[in-house]
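One structure below.
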Amino acid sequence: MLFELGSVRDLMFEGSPQRARHYLERVHAIEHVLIAQIPVLETMSPQDFLEFRSHLAPASGFQSVQFREIEFISGMKDPRYVERLSSSAEERARLERRLAEPTLWDAFCGFLDGLGLPMPLTDEEARRDSLVRLARDRARFSEAFYMSEALLTHDELFALWRYRHVLMVERQIGSKTGTGGSTGATYLRSTLDKRFYPELWDLRSYL
Ligand code: HEM
C-alpha cells in the first residue's frame, strides 16, 4: 500500500491523474482484502484467544510504523505518534521523513491549482469554492473529479477497516486494556472519526 500510495502522489504531481487513479484502485483492492480477512480471526472464541494473549504482550498493532506511514502519506500527519512509536532510530527516521514529505492531499491540491482551481493553504472558503466548481463541472474537470472520488474511497475503506477492527477487538477482549498499553476499545473508538480528506466529505453538504 505504501509503495502504491507513493506512486499515486508522484503521478499526481507529474500531472498523470489517470495512472494515479489506476494505482489508487489497487490500494482499494488491498483495503478490501484487509477488511475481508477479519472474519477469519473472529472464528476464534475469546476463551481460545485468552489462552495465548498474555504471550503477545507487549506486542501490539500500536507498534506498526507502516500503519502510521500510511496515515501520514495519505494526509493525516500527527507527530505525537513519532514520540510514542519510534523504538528504533531507523523507524523514527522513516516517520520523520514521512512527516516532512508531501502527502496525497498536497499532490491533489497542486493538481487542482494547475487546472485553475486554486487550493490556497490558508483560505478554507476558496478551497471549498474550487471543490464545488470541480464537482459541478465534471465534464470539464473529469480526471480531477474522478481522482477526488478515488481519494474519498481510500478514506472510506480505511475508516471501514477501523470500524471492523474495533468490533473484532470488542468481540475478543471486550473492554480489557490493550497489549500496547492503551485503553483498548475505548481508544480505538476515539479514532473512528479520523478522516484523511475532511474537505471532500464536507463538500457533499454544499452540492
Ligand atoms: C484478536 C485480534 C486483535 C485484537 C484483540 C486487537 C486489539 C487491538 C487493541 C486493543 C489495539 C489498541 C492498541 C493497544 O493498546 O494495543 C489495537 C491497535 C491496532 N491494531 Fe489490533 N487487534 C487485533 C487484530 C489486529 C489485526 C489482524 C491487525 C492488522 C492486520 C491489527 C492492527 C492494529 C493496528 C494497526 C492498531 C493501531 C490502530 C490505531 O492506533 O489507530 N490488529 N489492536
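Side-chain atoms are counted along with the backbone in the values below, which use heavy atoms only and exclude waters and symmetry mates. Counting starts at 1 for both ligands and their atoms, in listed order. Numbers here simply count residues along the sequence, with the first being 1.
Taking each of Ala59, Pro46, Gly180, Ser182 in turn, the one with a heavy atom nearest to atom 13 (C) of ligand 1 proves to be Ser182.
Each of the following atoms of ligand 1 lies closer than 4.0 Å to a heavy atom of Gly184: 10 (C). Near Phe67, meaning under 4.0 Å from one of its heavy atoms, ligand 1 places the atoms 35 (C), 38 (C), 39 (C), 41 (O). Atoms of ligand 1 lying under 4.0 Å from at least one heavy atom of Gln172, given by number and element, are 1 (C). For ligand 1 and Gly181, the ligand atoms under 4.0 Å from any heavy atom of the residue are 15 (O). Atoms of ligand 1 lying under 4.0 Å from any heavy atom of Leu41, numbered from 1 in the order shown and given with element: 27 (C). Listed by number with element, the atoms of ligand 1 under 4.0 Å from a non-hydrogen atom of Phe62 are 13 (C), 14 (C), 40 (O).
Protein N/O/S atoms closer than 2.8 Å to atom 21 (Fe) of ligand 1, listed by chain and residue number, are His165 NE2.
Considering only non-hydrogen protein atoms, atom 32 (C) of ligand 1 sits nearest to Trp161 CH2, 3.6 Å. The nearest heavy-atom contact from the protein to atom 5 (C) of ligand 1 is Phe49 CE2, 3.7 Å. The nearest protein atom to atom 30 (C) of ligand 1, hydrogens excluded, is given as Gln37 NE2, 3.6 Å; this is a heavy-atom distance.
Using a 4.5 Å heavy-atom cutoff, the side chains of Thr103 and Arg9 are not in contact. Side-chain atoms of Thr183 and Leu188, non-hydrogen and from C-beta on, never get closer than 4.5 Å to each other.
Under the 30°/60° scheme for interplanar angles, the aromatic rings of His154 and His28 are found to lie parallel. Relative orientation of the Phe52 and Phe49 rings is perpendicular, given thresholds of 30° and 60° on the angle between their planes.
A salt bridge between Glu71 and Lys77 is absent, with no side-chain N of the basic residue lying under 4.0 Å from a carboxylate O of the acidic one.
The shortest N or O to N or O distance between Tyr187 and ligand 1 is below 3.5 Å.
A distance of 6.5 Å separates OG1 in Thr153 from CD in Glu149, rounded to the nearest 0.5 Å. In this structure, CD on Glu125 lies 11.0 Å from CZ on Arg127, to the nearest 0.5 angstrom.
The salt bridge (Lys or Arg N to Asp or Glu O under 4.0 Å) test with Glu4 singles out one residue from Arg26, Arg21, Arg19, and that residue is Arg26.
The aromatic ring centres of Phe196 and Phe72 sit 6.0 Å or more apart.
Counting heavy atoms of neighbouring residues, nucleotides and ligands inside a 6.0 Å radius, atom CD of Glu124 does not exceed 12 of them.
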Using a 3.5 Å cut-off and no angle test, enumerate the donor-acceptor pairs between side-chain atoms of residues 136-144 and protein atoms at least two apart in sequence or in another chain.
{"from": "Arg136", "atom 1": "NH2", "to": "Tyr206", "atom 2": "O", "distance (Å)": "3.1"}
{"from": "Asp137", "atom 1": "OD1", "to": "Arg140", "atom 2": "N", "distance (Å)": "3.4"}
{"from": "Glu143", "atom 1": "OE2", "to": "Gln18", "atom 2": "NE2", "distance (Å)": "3.1"}

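Contact annotation: Arg68 has at least one heavy atom less than 4.0 Å from an atom of ligand 1.
With 3.5 Å as the limit, one finds no donor-acceptor pair spanning the side chains of Asp10 and Ser7.
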